[in-house]
Amino acid sequence: MLQTNSNMIKEKINNFFTKKVGTHNGSNRDKWLEKTILQLPKGSSILDAGAGEGKYKKFCEHLIYKSQDLAEYDGKGDGKGLHTEERDYSNLDFVSDITDMPIENDFFDSVMCVEVIEHVPDPIQALKEIHRVLKPNGNLILTAPFNSLTHYAPFHFSTGFNKYYYEENLKKIGFEIIEIIPNGNYFEYTAQELRRLRYVSEDYSKTKLHIFVKISLYIILNFLYKTSKKDEGSSELLCFGYNVLCKKNNLII
């Protein structure tokens, strides 16, 4: 009980000093995904490409939901970088490479591909395959990191993608971009990585943070919170990633 109370006090102190700056990467993305998916017509079909364990199926209760994944990452990988520890692929509808899915042409009304293409050796080919299985005017709901640490290795082939990557390549593949918005900004991303410092230093240098380093981090996180509130476009330098909504238009250049 004493340990629990101590942890609660530490958490309250941490929240007071840092205002949760740098902690909204996933929640920002989830809010956008929920809003975007709920706007899809009731009864239409959606493929969750690279679905993993189907985390976003909960947003698709009004849709005909199907899932696909390569299903080779076991949660531990090669032990390098960040991992999830376990994976359950038992509910997948299609087990295949995302660049060669056993699905007919023009089959799905929508496809979502969430934080996947950085784990694909050839993301362009994956996007072309998604284009193939989408119906004309079908929706692609796409997110990926702008910059990411090594995770799910050895299935990690790119650190991330700038908006110019999407603008250049999605058009060539045959998509019209409807919306492309940044998730977070430079200050939020910097805060996210500073929050990892304790764990990274302990894991990779066997060094624990000195009390003065912790105090310095609180001060810097406070500064990042304030600057993020005043942000005027620093996402063009760095952000968590981009949320992209586009439509298949069949006009391949």
Please determine whether the number of non-hydrogen atoms from other residues, nucleotides or ligands lying under 6.0 Å from atom CZ of F107 exceeds 12.
no

What is the distance from atom CG of D109 to atom CD1 of I64, rounded to the nearest 0.5 Å?
8.0 Å

Would you mind checking if R87 and D74 are paired as a salt bridge, meaning a charged N to carboxylate O distance below 4.0 Å?
no

M112 to I37 - nearest heavy-atom pair and separation
SD-CD1, 3.7 Å

Heavy atoms only: give me the nearest C60-I46 pair and the separation to one decimal.
SG-CG2, 4.2 Å

For the atom pair SG (C239) and CG (N162), what is the distance rounded to the nearest 0.5 Å?
7.5 Å

Counting heavy atoms not belonging to F223, are there more than 12 under 6.0 Å from its CZ?
no

Side chains of L82 and R196, heavy atoms from C-beta outward: is any pair under 4.5 Å?
yes

Are F187 and L194 grouped together when hydrophobic residues (ILVMFWY) are joined by side-chain heavy atoms under 4.5 angstrom apart?
yes

With a cut-off of 6.0 Å (strictly less than), are more than 12 heavy atoms of other residues, nucleotides or ligands near CD of Q39?
yes

In one Ile/Leu/Val/Met/Phe/Trp/Tyr side-chain cluster, 4.5 Å: F108, I141
no

Listed partners of Y189 passing side-chain hydrogen bond (donor to acceptor under 3.5 Å, both in side chains), at least two apart
N147

Transitively linked via ILVMFWY side-chain contacts under 4.5 Å: I178 with L140?
no

Show your reasoning for whether side chain to side chain contact (heavy atoms under 4.5 Å, CB included) applies to Q125 and V120.
CA-CA 9 Å; Q125 190 56 45; V120 180; over 6 Å; no

Are Y73 and V95 connected, step by step, through hydrophobic side chains (Ile, Leu, Val, Met, Phe, Trp, Tyr) whose heavy atoms are closer than 4.5 Å?
yes

Look up atom CD1 in I177 and atom CG in L170, then write down how far apart they are to the nearest 0.5 Å.
5.0 Å

Evaluate the side-chain proximity of L142 to Y166: yes if any heavy-atom separation is below 4.5 Å, no if none is.
yes

Using the rule that two of Ile, Leu, Val, Met, Phe, Trp, Tyr join whenever any of their side-chain heavy atoms come within less than 4.5 Å, decide whether M101 and L127 are in one cluster.
yes

Could you grab the distance from atom CG of N105 to atom CG of L134, nearest 0.5 Å is fine?
11.0 Å

With a 4.5 Å heavy-atom cut-off, do V21 and R195 have their side chains touching?
yes

Can you give me the closest heavy-atom contact between Y204 and G81, atom names plus distance?
OH-N, 3.7 Å

Is there side-chain contact between Y242 and N183, with heavy atoms separated by less than 4.5 Å?
no

Donor-acceptor contact present, side-chain E53 to main-chain D88, <3.5 Å:
yes

Spacing of CZ belonging to R198 relative to CG belonging to D203, to within rounding of 0.5 Å:
10.5 Å

Any donor-acceptor N/O pair, S148 side chain to G160 backbone, under 3.5 Å:
no

Working to the nearest 0.5 Å, report the span between CD of E167 and NZ of K172.
13.0 Å

Side chain to side chain contact (heavy atoms under 4.5 Å, CB included) between H83 and K76: does it pass, once the steps are laid out?
CA-CA 6 Å; H83 291 278; K76 300 176 182 178; 5.5 Å; no

Take Y56 and D30 through the test side chain to side chain contact (heavy atoms under 4.5 Å, CB included) and record every step on the way to the result.
CA-CA 8 Å; Y56 299 106; D30 288 0; 3.0 Å; yes

If I compare all heavy atoms of V244 with all of W32, which pair ends up nearest, and what's the gap?
O-CH2, 3.4 Å

Does the side chain of E129 reach to within under 4.5 Å of the side chain of I103, using non-hydrogen atoms?
no

Decide whether S67 and N91 meet the rule of one side-chain donor and one side-chain acceptor closer than 3.5 Å.
no

Could you walk me through whether S158 and I117 satisfy the side chain to side chain contact (heavy atoms under 4.5 Å, CB included) test, starting with their C-alpha distance in whole Å, then the side-chain angles of each, then the deciding distance to 0.1 Å, before giving a yes or no?
CA-CA 8 Å; S158 176; I117 60 173; over 6 Å; no

Heavy atoms of Y65 and G54 approach each other most closely as OH-CA, 3.6 Å

Main-chain N/O of P41 paired to S44 side chain as donor or acceptor, under 3.5 Å:
yes

Only one of L217, I211, V213 passes side chain to side chain contact (heavy atoms under 4.5 Å, CB included) with I215, and that residue is I211

I want to check something: taking the side chain as every heavy atom from C-beta on, are Y186 and T227 in contact at a cut-off of under 4.5 Å?
no

May I ask you to decide if F94's main-chain N or O and S96's side chain share a donor-acceptor pair within less than 3.5 Å?
no

Beyond-backbone contact of Y165 with I124, side-chain heavy atoms, under 4.5 angstrom:
yes

Given 3.5 Å as the limit, does a donor-acceptor pair link the side chain of K42 with the main chain of H62, or not?
no

According to the interplanar angle, ranging from 0 to 90°, do the rings of H151 and H119 count as parallel (below 30°), tilted (30 to 60°) or perpendicular (above 60°)?
perpendicular

Heavy-atom side-chain contact between V114 and R29 under 4.5 Å
yes

I'd like to know whether NZ of K226 has more than 12 heavy-atom contacts from other residues, nucleotides or ligands below 6.0 angstrom.
no

Could you tell me whether the side chains of E115 and T143 share a donor-acceptor contact shorter than 3.5 Å?
yes

Would K208 and E202 pass as an ion pair if we require N to O under 4.0 Å?
no

Partner residues of D69 under the side-chain hydrogen bond (donor to acceptor under 3.5 Å, both in side chains) criterion, sequence neighbours left out:
none

Considering non-hydrogen atoms only, spot the tightest contact between T23 and E188 and give its length.
N-OE1, 4.4 Å

